[in-house]
Amino acid sequence: MNFYKIPLGLVLITLILATNFQDSNAQNSQTDFLNLHNTARAQVFANGAMTWSTTLANYALNYANARAGACNTVPSGGPYGENIATGSGPSFTGLAAVSLWVGQKPYYTYSSNTCATGQICSHYTQVVWANSNLLGCARVLCTNNVNYIVVCSYSVKGNVPGEWPY
């Protein structure tokens, strides 16, 4: 029986690179974005699953790239609904951003379609906006190489004044 001698350093480097490659996509995939959005939507109304849109994902990616220098949450003003978040380090994943938006749920009161004083609910209401059935998201490393920006685009646009989200 022949055994091949592989230097331990080469094995460790290979394992580290493989782990980093896997981690770079963990919690940032199309499925990850869809699952968290659809879970939040299923909690408030039935048959509200979104589907992925490559057009919206490309729009989100282009806008995230455009904001990567300033790395801030300025809305695009485009034709789609939108949620934007920034955070530091690789742990700020797409799922972390969506969790922030969904985390606004306790401040939203459906019966009056209002948000608690001093709180923001519009990110949450966009996530669960019933007429928004297409989703596309992107996560980009900002030019400071520390922060990430996450943009999700929605069609149709939600948060229509005077309308309830679902």
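In this chain, numbering begins with 1 at the start of the sequence shown.
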*Asks:* Distance from Thr31 atom OG1 to Asn38 atom CG, nearest 0.5 Å?
*Replies:* 10.5 Å
*Asks:* Got a second to check how far Trp52's CH2 is from Leu134's CG, nearest 0.5 Å?
*Replies:*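 It is 11.0 Å, given to the nearest 0.5 Å.
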*Asks:* Judged by atom type as modelled, is there a donor-acceptor pair below 3.5 Å linking the side chain of Gln119 to the main-chain atoms of Tyr107?
*Replies:*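 No, Gln119 side chain to Tyr107 backbone: no donor-acceptor pair under 3.5 Å.
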*Asks:* Distance-only, no hydrogens or angles: does the Gln27 side chain make a donor-acceptor pair with backbone N or O of Leu95 under 3.5 Å?
*Replies:* no
*Asks:* Please report the shortest heavy-atom distance between Val44 and Tyr124, naming the atom on each side.
*Replies:* CG1-OH, 3.4 Å
*Asks:* Within the side chain of Glu82, is there an N or O that forms a donor-acceptor pair under 3.5 Å with the backbone of Ser76?
*Replies:* yes
*Asks:* Val150 and Phe33: side chain to side chain contact (heavy atoms under 4.5 Å, CB included), yes or no, with the steps?
*Replies:* CA-CA 11 Å; Val150 175; Phe33 281 110; 3.9 Å; yes
*Asks:* Minimum heavy-atom separation for Ser91 to Ala96, with atom names?
*Replies:*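 Heavy-atom minimum between the residues: O-CB, 4.0 Å.
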*Asks:* Please check: side-chain N/O of Arg139 versus main-chain N/O of Ser29, any donor-acceptor pairing under 3.5 Å?
*Replies:*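 No.
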*Asks:* Provide the closest heavy-atom pair for Asp32 versus Asn28 in the form atom of the first, atom of the second, distance.
*Replies:*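 Looks like OD2-N, 3.2 Å.
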*Asks:* Would you tabulate the side-chain donor-acceptor contacts of residues 152-166 under 3.5 Å, counting partners in other chains and residues two or more places apart, or write 'none'?
*Replies:*
unit_1 : atom_1 : unit_2 : atom_2 : d
Tyr154 : OH     : His37  : NE2    : 2.7
Tyr154 : OH     : Asn83  : ND2    : 3.0
Lys157 : NZ     : Gly78  : O      : 3.3
Asn159 : OD1    : Thr125 : OG1    : 2.4
Asn159 : ND2    : Ser122 : O      : 2.9
Trp164 : NE1    : Tyr110 : O      : 2.5

*Asks:* Any idea which heavy atoms bring Val151 and Ala64 closest together, and the distance?
*Replies:*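 In terms of heavy atoms, the two residues are closest at CG2-CB, 3.8 Å.
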*Asks:* Between Leu34 and Val128, is there shared hydrophobic-cluster membership here, with clusters defined by ILVMFWY side-chain heavy atoms closer than 4.5 Å?
*Replies:*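 They do share one cluster, since a chain of ILVMFWY contacts under 4.5 Å joins Leu34 to Val128.
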*Asks:* Between Phe45 and Tyr108, is there a shared hydrophobic cluster once you connect ILVMFWY residues whose side-chain heavy atoms come closer than 4.5 Å?
*Replies:*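 Yes, same cluster.
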*Asks:* Between Pro75 and Ile84, what is the shortest heavy-atom contact and its length?
*Replies:* CA-CD1, 3.9 Å
*Asks:* Any link between Leu61 and Val74 through a network of hydrophobic side chains (Ile, Leu, Val, Met, Phe, Trp, Tyr) touching at under 4.5 Å?
*Replies:*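 Linked, Leu61 and Val74 end up in one cluster.
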*Asks:* Can you run down the ring pair (Phe, Tyr, Trp, His ring centres under 6.0 Å) pairs that involve residues 60-97, sequence neighbours left out, and say none if there aren't any?
*Replies:* Tyr59-Tyr80
*Asks:* Please report the interatomic distance CG(Leu135) to OG1(Thr51), rounded to the nearest 0.5 Å.
*Replies:*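 Between Leu135 CG and Thr51 OG1, I get 8.5 Å after rounding to 0.5 Å.
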*Asks:* When hydrophobic residues are tied together by side-chain contacts of less than 4.5 Å, even through go-betweens, does Leu56 share a cluster with Val127?
*Replies:*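 Cluster IDs for Leu56 and Val127 differ.
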*Asks:* Distance-only, no hydrogens or angles: does the Thr109 side chain make a donor-acceptor pair with backbone N or O of Ser112 under 3.5 Å?
*Replies:* no
*Asks:* State, to 0.1 Å, how close Thr86 and Cys71 come at their nearest heavy-atom pair, and which atoms those are.
*Replies:*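 That would be CG2-O, 3.5 Å.
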